[in-house]
Amino acid sequence: MGPTLTQIPGLVIAAPSSNSGKTVLTLGLLRALANRGVAVAAAKTGPDYIDSAFQAAACGQSCINLDPWAMSPDQIAALAGWQSAGKSVLLCEGVMGLFDGAADCSGSTADLAAMMNWPVVLVIDVKGQSASAAAVIAGFAGFREDVKIAAVILNRVGSDRHRAMIETACREHLPEIPVTGAVRRSDLLALPERHLGLVQAGEHDALDTFLDKAAGIIAEDVDLDQLIGLVSGRQLAAASGDVSNLAIGIPPLGQHIAIARDTAFAFAYPHLLEDWRRQGAELSFFSPLADEAPNKGADAIYLPGGYPELHGQRLANAENFKASLAAMAARNTPIYGECGGYMVLGEALIDASGQEHEMLGLLPLVTSFADRKLHLGYRTLALSETTALGPIGTVLRGHEFHYASTIKANGTSLGNMATATGDDLGRVGLVKGSVFGSFFHLICR
């Protein structure tokens with residue numbers, strides 16, 4: 001029997017480019033709608049951990065990632081159906097510019113909107129332009145027939161006169177696309193950043209205050225009723241919210257997986273953890289920064305990515321954490337590290353100031369932030385060793401995003417990595433006994 005068919009009420013918040021303000025606008029919309037009693041769910045297009053954590057804080061539930069490059073249409077439909085079950089709308093923030101994706105332009109926000117038949121609200125940063133904003137909107141509206149620009153929100157508007165000039169041009173040239181909001185420039189809508197993006201949501205002591213202020217501004221400057229009305233009447237036959245249809249394809253690392261979770265290990269995808277739960281695995285969490293050991297009942301360890309480079313000395317001093325993982329490695333417990341987690345599995349981590357910090361020493365690896373180089377993009381990883389993630393030859397889909405340099409990596413490689421366009425990046429990662437990892441962030445199979 002095939003999956004139950006249902007409607008998935010989605011709305012995409014996109015922009016012509018990065019740094020247009022769509023993240024903060026999405027946060028304000030999520031909190032403003034939730035404050036009004038609208039049953040709203042959150043999603044983020046593409047590979048992203050940081051924005052997703054902010055969205056979860058804004059609406060009070062987890063935010064999923066929908067990735068049209070890495071995931072199949074069935075996987076996306078199942079995830080979206082599960083996330084939106086019982087909700088009035090699934091608000092999905094785009095990534096980069098609306099039509100930007102991998103090196104071959106696949107996997108864009110536009111691809112997701114077309115796949116799911118979701119209307120797009122285009123956020124335009126209008127600083128320094130007036131009628132030209134209408135020309136930008138017209139270009140985006142006509143670029144792809146299968147992508148519907150249903151409304152526009154003007155962002156960083158300078159004055160009432162500025163808004164009026166743009167709205168006049170839009171009414172004259174784009175009468176079919178409503179301007180559903182105009183948000184004034186405000187320092188209250190700014191969030192601090194660091195090398196991988198925004199400073200993490202969990203590091204903001206006054207995040208709720210910020211979200212409430214943003215929601216107040218958005219509620220005044222955006223027609224929320226008109227926005228929700230865009231969802232009405234959108235039809236889609238897709239997989240239901242039954243998570244059994246998900247089939248991400250990644251086996252659990254064990255029956256009880258202990259997962260590092262704190263500001264140094266914050267980058268774990270909710271869809272992956274939920275799929276492990278669906279397959280019967282128990283999950284527990286521990287904080288290496290608090291020098292906690294994994295749950296004694298755990299038979300597998302997952303060290304996600306994050307910012308260990310900002311906490312080198314604290315991790316070096318976490319003797320209880322280090323001793324417990326050494327003991328588990330000695331018992332051949334599967335221990336998997338991704339990106340930051342991979343670096344912590346190594347012998348040493350050199351921070352941006354050049355100071356070396358002793359890490360777990362479970363892999364013959366030394367990494368450094370003293371000489372930073374950006375590694376960014378979608379990746380496939382073909383396993384050359386059998387691990388808890390699969391047998392030799394298993395091909396995984398994911399991404400890479402880090403600035404670390406590898407100073408030393410001796411021993412057996414985890415697999416062969418390639419770009420989204422198939423360019424060979426060579427052997428990556430390390431395997432030693434039951435311990436393995438790489439800079440690759442796993443999305444699905």
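Worth saying up front: this structure is predicted, and the values here are computed from it rather than measured. Here, residue 1 is the first one in the sequence, and each next residue gets the next number.
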**Q** Which atom pair, heavy atoms only, marks the closest approach of C339 to G305?
**A** CB-CA, 4.4 Å
**Q** Any ion pair linking D160 and R163 (charged N to carboxylate O, less than 4.0 Å)?
**A** no
**Q** Just by distance, no angles: are the side chains of D275 and Q279 close enough, under 3.5 Å, to form a donor-acceptor pair?
**A** yes
**Q** Can we say K44 and D67 salt-bridge, meaning some charged N sits less than 4.0 Å from an Asp/Glu carboxylate O?
**A** no
**Q** Roughly how far, to the nearest 0.5 Å, is the OG atom of S130 from the CD atom of E167?
**A** 12.5 Å
**Q** Do you know which two heavy atoms are closest between T394 and L389, and how far apart they sit?
**A** CG2-O, 4.2 Å
**Q** In Å and rounded to the nearest 0.5 Å, what is the CE to NE2 distance from M417 to H375?
**A** 8.0 Å
**Q** Are the side chains of P68 and M115 in touch, meaning some heavy atoms are under 4.5 Å apart?
**A** yes
**Q** I would like to know whether D351 and F369 meet side-chain contact (heavy atoms from CB on, under 4.5 Å); could you show each step before the answer?
**A** CA-CA 5 Å; D351 65 22; F369 280 81; 5.5 Å; no
**Q** Report yes if the distance between the aromatic ring centroids of F99 and F140 is under 6.0 Å, otherwise no.
**A** yes
**Q** Find the distance between CD (Q55) and CZ (R31) and round it off to the nearest 0.5 Å.
**A** 12.5 Å
**Q** Show your working on salt bridge (charged side-chain N to carboxylate O under 4.0 Å, His left out) between D125 and K127 and close with a plain yes or no.
**A** CA-CA 6 Å; D125 181 354; K127 182 180 179 181; over 6 Å; no
**Q** Is the number of heavy atoms from other residues, nucleotides or ligands under 6.0 Å of E145 CD greater than 12?
**A** no
**Q** Indicate the atoms forming the closest heavy-atom contact of C444 with A70, along with that distance.
**A** SG-O, 3.0 Å
**Q** In chain order, what residues pass the side chain to side chain contact (heavy atoms under 4.5 Å, CB included) check against S72, with sequence neighbours excluded?
**A** D74, Q75
**Q** Is D225 salt-bridged to R36, cutoff N-O under 4.0 Å?
**A** yes
**Q** Identify the two heavy atoms, one from P304 and one from A260, that lie closest to each other, and give their separation to 0.1 Å.
**A** CD-O, 3.4 Å
**Q** Hey, what's the ring geometry for H271 with Y269, parallel, tilted or perpendicular (30° and 60° as the breaks)?
**A** parallel
**Q** Taking CG in N320 as the centre, count heavy atoms belonging to other residues, nucleotides or ligands within less than 6.0 Å. Is the count above 12?
**A** yes
**Q** Looking at CZ of R277 and CG of L283, how far apart are the two atoms once the value is rounded to the nearest 0.5 Å?
**A** 4.5 Å
**Q** If you apply the rule side chain to side chain donor-acceptor pair (under 3.5 Å), what do you find for D51 with T23, and how did you get there?
**A** CA-CA 7 Å; D51 290 357; T23 294; 3.3 Å; yes
**Q** Between Q83 and A42, is there a donor-acceptor pair closer than 3.5 Å when you use the side chain of the first and the backbone of the second?
**A** yes
**Q** To the nearest 0.5 Å, what is the distance between OG (S20) and CE (M96)?
**A** 12.5 Å
**Q** Kindly indicate whether the side chain of L79, heavy atoms from C-beta on, has any atom under 4.5 Å from the side chain of I76.
**A** no
**Q** So, do R144 and D111 sit near enough that their side-chain heavy atoms are less than 4.5 Å apart?
**A** yes
**Q** Is any side-chain heavy atom of L315 closer than 4.5 Å to a side-chain heavy atom of L289?
**A** yes
**Q** Please walk me through it: do F436 and I335 pass side-chain contact (heavy atoms from CB on, under 4.5 Å)?
**A** CA-CA 6 Å; F436 61 103; I335 301 176; over 6 Å; no
**Q** Assess whether side chain to side chain donor-acceptor pair (under 3.5 Å) is satisfied between E400 and H402, documenting all intermediate values.
**A** CA-CA 7 Å; E400 190 177 17; H402 67 93; 3.0 Å; yes
**Q** Testing the 3.5 Å rule here: is there a donor-acceptor pair between the side chains of D223 and T180?
**A** no
**Q** Are Y378 and P47 close enough that some pair of their side-chain heavy atoms sits under 4.5 Å apart?
**A** yes
**Q** Quick one: side chains of residues 250-257, donor-acceptor pairs under 3.5 Å with protein atoms, not counting sequence neighbours, listed by atom name and distance.
**A**
| residue | atom | partner | partner atom | Å |
| --- | --- | --- | --- | --- |
| H256 | NE2 | S284 | OG | 2.8 |

**Q** I'd like to know if the side chain of K148 and the backbone of W118 have a donor-acceptor N/O pair within less than 3.5 Å.
**A** no
**Q** What are the two closest non-hydrogen atoms of A14 and L98, and how far apart are they?
**A** CB-CD1, 3.7 Å
**Q** Less than 4.5 Å apart, any side-chain heavy atom of L345 and any of M359?
**A** no
**Q** For the residue pair H399 and H441, does the interplanar ring angle fall in the parallel (under 30°), tilted (30 to 60°) or perpendicular (over 60°) class?
**A** parallel
**Q** Please name the pair of heavy atoms, one in V231 and one in S88, separated by the smallest distance, quoted to 0.1 Å.
**A** CG1-O, 4.4 Å
**Q** Would you call the rings of Y302 and W276 parallel, tilted or perpendicular, taking 30° and 60° as the class edges?
**A** perpendicular
**Q** Give the C-alpha distance, both sets of side-chain angles, the deciding distance and a yes or no for side-chain contact (heavy atoms from CB on, under 4.5 Å) between V179 and L154.
**A** CA-CA 7 Å; V179 176; L154 309 178; 3.8 Å; yes
**Q** Hey, does the side chain of S106 reach the backbone of A102 with a donor-acceptor pair shorter than 3.5 angstrom?
**A** no
**Q** Show your reasoning for whether side-chain contact (heavy atoms from CB on, under 4.5 Å) applies to L381 and L414.
**A** CA-CA 9 Å; L381 177 64; L414 176 61; 3.9 Å; yes
**Q** Can you tell me how far CG of L303 sits from CZ of F286, rounded to the nearest 0.5 angstrom?
**A** 5.5 Å
**Q** Say whether, by atom type as modelled, one donor and one acceptor occur between the side chain of T45 and the main chain of E93 under 3.5 angstrom.
**A** yes
**Q** Which is it for Y49 and N65 under the side chain to side chain donor-acceptor pair (under 3.5 Å) test, yes or no, and what are the steps along the way?
**A** CA-CA 8 Å; Y49 301 98; N65 295 77; over 6 Å; no
**Q** Do D100 and S18 have side-chain heavy atoms sitting under 4.5 Å apart?
**A** no
**Q** Centre-to-centre under 6.0 Å for Y307 and F267, is that the case here?
**A** yes
**Q** Check whether any side-chain heavy atom of L112 sits under 4.5 Å from a side-chain heavy atom of C92, and report yes or no.
**A** yes
**Q** Does NZ or CZ of R261 lie under 6.0 Å from the centre of the six-membered ring of F285, at an angle within 45° of the ring axis?
**A** yes
**Q** Between D262 and S287, is there a side-chain donor-acceptor contact under 3.5 Å, judged purely by atom types and distance?
**A** yes
